[in-house]
There are 2 protein chains.
Amino acid sequence: MTSPFVRKLRQGAQLSTEDEILLMGLSRSLHYAEARHDIYSEGDRPGSLTLILKGWACRDKILENGQRQIIAFFLPGDLCEPFGILPPFMNHSITALTPVTYARLRPDELRAMAQENSSIEQALWWDALAAMELQHEHVVSLGRRQAVERLGHLFCELHMRLAVVGLADRTGFSLPVTQQELGDALGLSAVHVNRSLRELRSLGFVNLRHRRLDLLDLNALKEFSLFDPAYLRFNGQPLHDGAWSAPSAVER
Amino acid sequence: MTSPFVRKLRQGAQLSTEDEILLMGLSRSLHYAEARHDIYSEGDRPGSLTLILKGWACRDKILENGQRQIIAFFLPGDLCEPFGILPPFMNHSITALTPVTYARLRPDELRAMAQENSSIEQALWWDALAAMELQHEHVVSLGRRQAVERLGHLFCELHMRLAVVGLADRTGFSLPVTQQELGDALGLSAVHVNRSLRELRSLGFVNLRHRRLDLLDLNALKEFSLFDPAYLRFNGQPLHDGAWSAPSAVER
DNA sequence: TCAGAGAATTATCGCGGGTTAGGTTCGACC
DNA sequence: GGTCGAACCTAACCCGCGATAATTCTCTGA
């Protein structure tokens, strides 16, 4: 079983078996975080990079008035920091949303590996670029999309990201976050998330219950949410199920 | 006269004179863009990285319904793409807001320079990290701040970023964007930007007229906007004017 | 000096989404 | 089976901000 990290990086570079073995060898130092506990808190001086192996985490910030904003969701295979540098101190938190297994990586080791192996260098930079563009799209959602579109768009994004690491299929995926947390990510109140979920359900797109999101009509949801997967920069190759519409990234 | 790029990078690494000469030597290929014209359009395959030397630009995206979201402002000294990779295609635009002079850099040249010179490597990665955290703060603003705070927070941020490259002093700075563009960045309508500006003026914090922002009470504005400059990751050293409150980044 | 265009400004009206408050369901634990 | 807390769901009310439109300001160029 290949790691989610490697599965994702295949989207960004042609990796040989040796490349993949090298990348998997990075995850030596395994750690565990309980749900709702910080992996890093604001002000911490991180000693290593964080690679999520199992479970969901997020980057979030608590404001002076107690409000919370979730800046990014981290899924299995995601690096929480850029691979080339360690922040001298954290100005936000990395928080486990579920029980999380993660590895601690050393940036000098990653940089050295990238220097010696150009496929890996390409893959790591591709991952950094994709992570940035995820942020860009988040800004677009918060700035210019209505609540229902925001939710729908997020569901489409999560679905594609999870599918790449084998954690989603056509019927849906596990969505282990509360409606409050969805609101904290989308700049909405929990109440309005609930209203919007009801609307998505009544439109026949999705159904969220018991921490699982059922996709009833994925294509209709994508169309409704104006979801263009180009920003994910997936090449579409290893999405084993041909029934999915491949992103048009490569064709552009 | 040192370039704004070098001036900014001094905030992230100890640069020798030779380092600075190397960095300035990168800007060989000079280009010019007219105000309101794209430097890169959506779908373009960029052939080089963009370094802003003079004028203001932005990263923006036009939605299907015609709405626009400005994802980031680029000031003199800013790199519009990560230094290590060229996006295979653009999924948003880089647009000049004023007449812009920029340089085209080659990522392989930058990566090679970073490999041979660890101060420059440190500086470039520091810059990439700071750019990402700017995006994080943008998400926080759009998600959880009210219109007036968003505006105030943006003014504080622009002031610090411009001051580092010598384009702002205690009294204010040139702000060559329309209220519509401020709204496109902050997820607001132009009308509401105007309302919020009036409020900031009536509170005695700032005055915006003729494309210049006068800072009437910067400390009060920072307090009002809950502005914590830690996310900019400036070390505070080369801010020649001692009257400014140095960011607390280094002390954390 | 005047005309025209774009930007700034202000007022009115209505909607999207926040706030508050209540009830319901569910799972964990005793 | 009963209790407790967390999450889910719904309704009523209200406010921040969007939409529209009309007016004024500013700059540019003929």
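Numbers restart at 1 for each chain; the letters A, B, ... are given by sequence-line order, proteins then strands.
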Subject >> Polar side-chain atom of A:Asp169 near backbone of A:Thr171 as donor-acceptor pair, under 3.5 Å >> reply: yes

**OP:** Round to the nearest Å and state the distance from B:Glu199 atom CD to D:dG16 atom P.
**Re:** 10 Å

Original post:
Going through the distances and angles, do A:Glu199 and A:Arg195 end up as a salt bridge (Lys or Arg N to Asp or Glu O under 4.0 Å)?
Top reply: CA-CA 6 Å; A:Glu199 187 164 349; A:Arg195 278 196 279 248; over 6 Å; no

Original post:
Hey, does the side chain of B:Gln69 reach the backbone of B:Asp184 with a donor-acceptor pair shorter than 3.5 angstrom?
Top reply: yes

Subject >> Test item: A:Glu149 side-chain N/O and A:Gln146 main-chain N/O as donor-acceptor pair under 3.5 Å >> reply: yes

**OP:** Determine whether the side chains of A:Asn91 and B:Glu133 contain a donor N or O and an acceptor N or O closer than 3.5 Å.
**Re:** yes

Subject >> DNA chain D contacts made by residues 58-70 of chain A, counting heavy atoms under 4.0 Å >> reply: none

Original post:
Quick check: does any side chain N or O of B:Arg150 sit under 3.5 Å from a backbone N or O of B:Arg145, one acting as donor and the other as acceptor?
Top reply: yes

Original post:
Where along nucleotides 6-12 of chain D does protein come under 4.0 Å, by heavy atom, of base (B) or sugar-phosphate alone (S), with - for untouched nucleotides?
Top reply: -SSBBBB

**OP:** For DNA chain C, find the residues of residues 138-157 of chain B with a heavy-atom distance under 4.0 Å and give them by number; none if there aren't any.
**Re:** none

**OP:** Rounded off to whole Å, could you give me the CG-to-P distance for the B:Leu200 and C:dT9 pair?
**Re:** 13 Å

Original post:
Taking the six-membered ring for Trp, are A:Tyr231 and A:His153 parallel (under 30°), tilted (30 to 60°) or perpendicular (over 60°)?
Top reply: parallel

Subject >> Residues B:Arg68 and B:Thr95: side-chain donor-acceptor under 3.5 angstrom >> reply: no

Subject >> Test: B:Arg233 cationic atom under 6.0 Å from A:Phe89 six-membered ring centre, within 45° of axis >> reply: yes

**OP:** For A:His210 and for A:His192, locate the closest nucleotide of DNA chain C by heavy-atom distance; then report the residue assigned to the nucleotide nearer the 5' terminus.
**Re:** A:His192

Subject >> Sugar-phosphate only, base, or nothing, as touched by A:Gly187 at under 4.0 Å among non-hydrogen atoms >> reply: sugar-phosphate

Original post:
If you count the non-hydrogen atoms of other residues, nucleotides and ligands that lie under 6.0 Å from CD in A:Glu223, is the total more than 12?
Top reply: no

